[in-house]
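All remarks here apply to the structure that follows.
Keep in mind that what you see is a predicted model, and the values were worked out from it rather than measured. Hydrogens, waters and symmetry mates play no part in the numbers below; they use all other heavy atoms, side chains included.
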Amino acid sequence: MFNIQTHMDFEGQSKAENLSRFIITLFGIVGLVWGAIIQQFSQTVYILGAGFLLAALLTIPPWPIYRRKPLNWQKARPDGSSEDSKK
């Protein structure tokens, strides 16, 4: 019915991981600085939480940007031609 892709390639996984680390680190630093300026630790937590949500939205779904270099799998062998069956 629907052809919904549910995978990422290895390079896409690496991109997603690096992007999520960057976003969370950036929001953590900004939140810490802003929270220190206004003396409200809760603002730091809110900003960091917004960073987690943004990172999750951008990196958890398998967006097409993370599926640009799929693996080329070998063709399946016909039944009975595997090495294990010859022993």
Side-chain angles (χ1 to χ4, degrees):
M1 185 173 188
F2 294 108
N3 187 11
I4 299 173
Q5 300 293 324
T6 60
H7 66 282
M8 286 186 198
D9 58 41
F10 290 117
E11 289 188 29
Q13 289 175 0
S14 177
K15 284 181 188 177
E17 182 179 358
N18 290 336
L19 181 61
S20 68
R21 285 183 180 181
F22 176 77
I23 291 170
I24 291 170
T25 302
L26 179 68
F27 274 70
I29 291 169
V30 169
L32 188 63
V33 169
W34 179 249
I37 288 171
I38 65 169
Q39 296 293 307
Q40 288 288 320
F41 184 69
S42 62
Q43 294 300 309
T44 300
V45 174
Y46 293 145
I47 292 171
L48 185 58
F52 277 118
L53 290 175
L54 179 64
L57 179 67
L58 292 177
T59 60
I60 291 176
W63 299 110
I65 192 171
Y66 304 130
R67 294 185 276 125
R68 290 188 176 169
K69 297 183 180 178
L71 290 176
N72 293 322
W73 295 91
Q74 291 182 343
K75 300 239 186 254
R77 294 182 182 174
D79 290 342
S81 68
S82 68
E83 294 296 322
D84 292 335
S85 66
K86 293 180 181 178
K87 291 182 180 180

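- The environment of Arg67 atom CZ is dense: over 12 non-hydrogen atoms of other residues, nucleotides or ligands sit within 6.0 angstrom.
- Separation of atoms CG (Leu53) and CD1 (Ile23) is listed at 11.5 Å; rounding is to 0.5 Å.
- Pro62 is listed as a side-chain neighbour of Met8, based on a closest heavy-atom distance under 4.5 Å.
- For the pair Ser14 and Phe10, the minimum side-chain heavy-atom distance is 4.5 Å or more.
- Residue Leu19 is not grouped with residue Leu48 when hydrophobic side chains (ILVMFWY) are merged at heavy-atom distances under 4.5 angstrom, including chains of intermediate members.
- A chain of hydrophobic side-chain contacts below 4.5 Å, direct or via other Ile, Leu, Val, Met, Phe, Trp or Tyr residues, connects Val33 to Ile47.
- Between the CD1 atom in Ile29 and the CD1 atom in Ile24 there is a gap of 12.5 Å [rounded to 0.5 Å].
- Between the side chain of Thr25 and the backbone N or O of Phe22, no donor-acceptor pair lies under 3.5 Å.
- Cluster annotation: Trp34 and Phe27 are assigned to the same hydrophobic cluster (Ile/Leu/Val/Met/Phe/Trp/Tyr, side-chain heavy-atom contacts under 4.5 Å, transitive).
- Taking 4.0 Å as the cut-off between side-chain N and carboxylate O, Glu11 and Lys15 do not count as a salt-bridged pair.
- Here the closest heavy-atom approach between residue Pro61 and residue Ala56 is recorded as CD-O, 3.5 Å.
- More than 12 heavy atoms of other residues, nucleotides or ligands sit less than 6.0 Å from atom CD of Gln13.
- Shortest non-hydrogen contact noted between Trp63 and Leu58 is CD1-O, 3.3 Å.
- Taken from CD1 in Ile37 to OG1 in Thr44, the straight-line distance is 10.0 Å, to the nearest 0.5 Å.
- Without hydrogens or angle criteria, Asp9 side chain to Arg68 main chain gives a donor-acceptor distance under 3.5 Å.
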